[in-house]
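Quick notes on the structure that follows.
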Amino acid sequence: MAAVGTALFIALNLFDKRRVWTPESDYYTFREEEEEHSEKQVLVLGLDGAGKSSVLQGLSGAGSRTGCRPTRGFNFISLHTPACQLDFLEIGGGEDLRMCWVDYLRRTHILVYVVDSSDRGRLPQAKDELHRLLKADTDIPVVVLGNKQDKPDAVSVPELREALSLSSVADQRKLFLLAAQLESDGLSRTCSLQMFQDLLLTLV
Ligand SMILES: Nc1nc2c(ncn2[C@@H]2O[C@H](COP(=O)(O)OP(=O)(O)OP(=O)(O)O)[C@@H](O)[C@H]2O)c(=O)[nH]1
Ligand SMILES: [Mg+2]
């Protein structure tokens, strides 16, 4: 049991520090620069039903947003761009999963936080969860997507800024608020997914 525990610890340590073990020598550290250019992690969070999976589906070009089921655990897609590979990790927004969100900030280059702009009753909760994340990591660039702008009861972008208390966020923080609506064919009008992707590439 102890051996398994030790092996697991070493494996986690190696993964975390990006090192490999060579039998004849000490740890060999990967050339970090090389890695940094190739893969960037984008963490996609937000309350359940906000539209995280739909965004990923749109980005992957999989088409219709209809048919997304609630994410019970994780959802992962990779986008290959000329500049780098963007690895998107969505963690489901259910109450049980929100507790582990902060644990994933550490290995992330950008946080995308999706909000259902039409779910007025849960905007205070969306705000609290967002600020919990902002407090847990004070550096990571954040893109807030005010989603479902197509719905008649959706709050406007200035209202969303107010409801999420974004003006209270420190000036030096890289924080963007974009309006989004994912059409049922997977395209977005107010915030084109291409524009969103381009923004992410400027932030990594
Ligand atoms: N009208 C409208 N509906 C949307 C939009 N984006 C997503 N939806 C719908 O909202 C519902 C929830 O979307 P999901 O993408 O599954 O939400 P999620 O954030 O991944 O939810 P969890 O995985 O449960 O955390 C689905 O029925 C989508 O079709 C949008 O822009 N407009
Ligand atoms: Mg989902």
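Counting starts at 1 for both ligands and their atoms, following the listed order.
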Describe, in one word, how the ring planes of Y113 and W101 are oriented to each other, choosing from parallel (under 30°), tilted (30 to 60°) and perpendicular (over 60°). perpendicular
Which of the numbered atoms in ligand 1 are below 4.0 angstrom from a heavy atom of Q181? 31 (O)
Hey, is T71 touching ligand 1 through its side chain, its backbone, both or neither, going by heavy atoms under 4.0 Å? both
Shell of protein N/O/S atoms around the Mg ion (ligand 2), taken as anything under 2.8 Å: S53 OG, T71 OG1, E90 OE2
Pairs where residues 42-54 contributes a residue and the test salt bridge (Lys or Arg N to Asp or Glu O under 4.0 Å) is met, not counting sequence neighbours: D48-R98, D48-R122
Can you list the atoms of ligand 1 that are under 4.0 Å from a heavy atom of E90? 20 (O), 23 (O)
Just to be sure I read this right, does ligand 1 sit under 4.0 Å from the backbone of L182, its side chain, both, or neither, counting only heavy atoms? both
Quick check: does G49 get an N/O under 3.5 Å from an N/O on ligand 1? yes
Polar proximity ligand 1 side, I91 side, N/O cut 3.5 Å exclusive: no
Within 4.0 Å of some non-hydrogen atom of C68, the atoms of ligand 1 are 16 (O)
Does any N/O atom on A50 come nearer than 3.5 Å to any N/O atom on ligand 1? yes
Short list, please: which atoms of ligand 1 are under 4.0 Å from a heavy atom of G92? 25 (O)
Please report the interatomic distance NZ(K40) to CG(L86), rounded to the nearest 0.5 Å. 9.5 Å
Side chain, backbone, both or neither: the part of Q149 lying under 4.0 Å from ligand 1 by heavy atom: neither
Give the numbers and elements of all ligand 1 atoms closer than 4.0 Å to a heavy atom of G93. 25 (O)
